[in-house]
Amino acid sequence: MWRGKKVLLGVTGSIAAYKTTFLTRLLIKAGAEVKVVLSPAARDFVTPLTLATLSKNPVLWEYFDSEDDSGTWNNHVELALWADLIIIAPATSNTLGKMVSGTCDNLLLGVYMSAKCPIYFAPAMDLDMYRHPATRENIQKLQSFGHHFIPAGKGELASGLEGEGRMAEPEEIIAFVEEDMNIRSPLKGKKILINAGPTHEAIDPVRFIGNHSSGKMGVALAEQASALGAQVFLVLGPGSARPGDSTIEVHDVVSADEMNEACQEIFTNMDIAILSAAVADYKPAKKADQKIKKSGDNLEILLVENPDILRGLGERKSDGQVLVGFALETQNAVPNAIQKLHKKNCDLIVLNTPSEKGSGFGYDTNEVILIGRDEKTHTLELKSKSEIAKEILDHICNHLLA
Ligand code: PMT
C-alpha cells in the first residue's frame, strides 16, 4: 500500500522525535515518497540533515529562510496538496492545541491547515499532560475534524515517570495507518477503467477537429479512485491534465478510434468503467496525406460517425460490471441524459451542464447531477473537480457495488 504514496511527515518538539528517523526509514523501505517538515522546536531534538538523508528530500521548517534575500519561500499549500497522507509524529500538546485553534505560526501548521488528505497524529508527552482535560478535548476535537488519532503507549517516560504518553513505536504507527487505510479503501481490489480528455480527429498532418476538454474531470476521478484503493487504468486523450499519482496506468491516445480500441480491450477485466471523455462524435472521412493547401475556394470536409465507446461497452457489459457515463447537455438536460443512460445501458449517468460560473470544460470546479436507472436525480453543487470525483465514487460504492 505504500508504494508510490506521498507521505508528509510532520515532526514536532519532543524527545520522541528521534523515533521519527526510524519511521522515515521504514516508510522509504516500504516504497513511500517522504517529505519531512519540522516545527522549529523539533530541530532541538533531531537534525534536518539526518532526516534529509533518510527521506532523500530536503527538510523544511520555516516559511522562508531569513538569511536568504532572494525572496524564495516554502509554499505550504503546495506541500499540503503534494501529500497523499500526513503523519504528525510526535505531536506535542502544544501542536495539538494549535491545530485545534487554527494557529498557523510555523510552516508545519500552515501545511496542516492547507491539507485535504487524511491526517494521522501520534501524540507524545508526559503522563499528566497526556491525561489533562485540555489534551483529551483537543484529541477529540481533532478526531471530529476527521483526523486519525494514533494512541500513545505506556511505559517509562522521559521525565522518569511511568505511564501513558510514549509515542507509538514506528512499526505500530505504520501498522495503524495500514489498517485504517484498508478500512477506508472501499475500492480496494477493484479495477477501474476511466477515460478522460478530448479526442483529436485528424484532417491532415497538421490540423484536427477537437473540443475544449482539458481532461481535469477524468484525471480527478482517476486520482480519487486510486486514493480509495482501486487499480486504475486511465485512457487519456490529448488534453492538458495528467495524474500526479504514479500508480495509475495511463494509456495515451489521440483519436476516438484509438480511445475506443484501448477502452474495449481494457474493459474486459474491469469491475467499473467511468467514461468522462469528450469523444468527438464525427471524424473526417479521410485524412489528407499532405497539408491541405488554400485553393481560393470553399473547402468541404465529409465527416463520418465515430464509434460510440460508451454504447459499445454497454452492449457487452456483464452482470457484475458497473458502467458509468457522462452526458454533456446544453438544453433539455435531464430528459436527454436519461435517454442516454438507457440507450447506452449505463448504471449511472453524470449530467454536466456547462456554465460560466465554473462547470464543464477546463474549469477546476464542476457541478453535476447524478441520475440512476430509477431516474432519481441527485445534485452535486459547484465544488472542485476532486471533490466532485470523490462524491461520484462514494455514490458508486454506496449504491452500485454489490
Ligand atoms: O475534461 P474537462 O475539461 O475537465 O471537462 C469535463 C467534461 C465537461 C468533458 C466532462 O465532465 C463531461 O461532461 N464529459 C462528457 C462529454 C461528452 O462528450 O458528453 P456526451 O453527452 O456527448 O456523451 C455521452 C457519453 O457518451 C459520455 O460518457 C461520452 O464519453 C460517451 N461517448 C460519446 C461519444 C462517443 N463517440 N463515444 C462515447 O463514448
Side-chain angles (χ1 to χ4, degrees), residues 1-14 16-66 68 70 72-92 95-96 98-99 104-124 142 147-148 150 167-168 170-171 173-174 176-178 180-181 223-224 226-227 242-248 386:
M1 84 148 248
W2 295 102
R3 190 143 302 282
K5 276 263 177 309
K6 299 188 182 103
V7 182
L8 191 139
L9 202 51
V11 185
T12 71
S14 153
Y18 82 90
K19 292 191 200 172
T20 308
T21 54
F22 297 99
L23 183 57
T24 308
R25 180 90 189 95
L26 289 176
L27 288 167
I28 293 284
K29 267 177 87 177
E33 208 181 316
V34 180
K35 287 188 182 176
V36 181
V37 177
L38 303 176
S39 74
R43 287 179 63 211
D44 294 333
F45 294 93
V46 66
T47 71
L49 182 59
T50 307
L51 289 165
T53 310
L54 291 170
S55 67
K56 304 179 176 42
N57 269 314
V59 170
L60 306 170
W61 60 89
E62 51 194 353
Y63 284 107
F64 56 89
D65 179 353
S66 46
D68 176 359
S70 68
T72 44
W73 61 294
N74 298 318
N75 188 329
H76 53 291
V77 178
E78 264 176 25
L79 280 163
L81 297 182
W82 170 87
D84 295 322
L85 69 117
I86 293 179
I87 304 175
I88 302 183
T92 57
T95 292
L96 296 184
K98 287 183 175 179
M99 285 161 75
C104 225
D105 61 358
N106 66 48
L107 178 68
L108 177 59
L109 291 164
V111 172
Y112 159 71
M113 291 288 286
S114 313
K116 292 187 176 147
C117 61
I119 296 171
Y120 294 83
F121 62 99
L142 291 172
H147 309 330
H148 310 281
I150 306 176
M167 185 180 89
E171 292 80 3
I173 293 178
I174 300 255
F176 184 99
V177 176
E178 278 177 4
D180 192 72
M181 295 287 275
E223 286 175 339
Q224 291 297 325
S226 174
R242 285 198 84 76
D245 178 342
S246 58
T247 64
I248 296 170
S386 288

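Met167 and Ala16 make their closest contact through CB-CB, 3.8 Å (heavy atoms, listed as atom of the first residue, atom of the second, distance). The minimum heavy-atom distance linking Leu96 with Phe121 is given by the pair CD2-CD1, 3.6 Å. Summarising the geometry of Pro90 relative to Ala124, their closest heavy-atom pair is CB-CB, 3.6 Å, with the distance given to 0.1 Å. Across all their heavy atoms, Asn57 and Lys35 have their closest contact at ND2-CG, 3.7 Å. The two atoms that bring Thr21 and Tyr18 nearest to each other are OG1-O, 2.5 Å, heavy atoms only. Minimum heavy-atom separation, Ala122 to Ala89: CB-CB, 3.9 Å.
With contacts defined as side-chain heavy-atom distances shorter than 4.5 Å, the pair Pro40/Glu62 does not qualify. Ile88 is listed as a side-chain neighbour of Met99, based on a closest heavy-atom distance under 4.5 Å. Contact annotation: the side chain of Val111 approaches that of His76 to within less than 4.5 Å [non-hydrogen atoms, C-beta and beyond]. Contact of the Val11 side chain with the Phe45 side chain is not registered, since no non-hydrogen atoms from C-beta on lie closer than 4.5 Å.
Remark: the backbone N or O of Asn106 is paired with a side-chain donor or acceptor of Tyr63 at under 3.5 angstrom. For the pair Glu223 (side chain) and Gly244 (backbone), a donor-acceptor distance under 3.5 Å is present. Side chain of Lys56 to main chain of Ile28: no donor-acceptor pair is present (N/O by atom type, distance under 3.5 Å, no hydrogens or angles). Between the side chain of Lys98 and the main chain of Leu109, no donor-acceptor pair closer than 3.5 Å is present. Listed for the Ser114 side chain is no donor-acceptor partner under 3.5 Å among the backbone atoms of Leu81. A donor-acceptor pair is defined here as one N or O able to donate and one able to accept, closer than 3.5 Å; such a pair exists between the side chain of Ser55 and the backbone of Leu51. Checked by atom type and distance alone, the side chain of Thr12 pairs as donor or acceptor with a backbone atom of Thr92 at under 3.5 Å.
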> How far apart are the C-alpha atoms of Leu85 and Trp2, what are their side-chain angles, what is the distance that settles it, and do they pass the side-chain contact (heavy atoms from CB on, under 4.5 Å) test?
Replying inline: CA-CA 11 Å; Leu85 69 117; Trp2 295 102; 4.2 Å; yes

>> The test is side-chain contact (heavy atoms from CB on, under 4.5 Å); show your working for Asp84 and Lys6 and say whether it passes.
In response: CA-CA 5 Å; Asp84 295 322; Lys6 299 188 182 103; 3.6 Å; yes

> Where do Cys117 and Ile86 land on the side-chain contact (heavy atoms from CB on, under 4.5 Å) test, with the steps shown first?
Replying inline: CA-CA 7 Å; Cys117 61; Ile86 293 179; 3.7 Å; yes

>> What verdict does the side-chain contact (heavy atoms from CB on, under 4.5 Å) test give for Thr247 and Arg3, after you've listed the backbone C-alpha separation in whole Å, the side-chain angles of each residue and the deciding distance to 0.1 Å?
In response: CA-CA 8 Å; Thr247 64; Arg3 190 143 302 282; 5.7 Å; no

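Distance check: Trp82 CH2 to Glu33 CD gives 5.0 Å after rounding to the nearest 0.5 Å. To the nearest 0.5 Å, the span separating OG1 on Thr20 from CG on Leu26 amounts to 11.5 Å. The CG atom of Leu108 sits 13.5 Å away from the CH2 atom of Trp61 when rounded to the nearest 0.5 Å. Atoms CG and CG, on Leu107 and Leu60 in that order, are 6.0 Å from each other to the nearest 0.5 Å.
Only one option out of Leu8, Thr24, Leu23 pairs with Val34 in a side chain to side chain contact (heavy atoms under 4.5 Å, CB included); it is Thr24.
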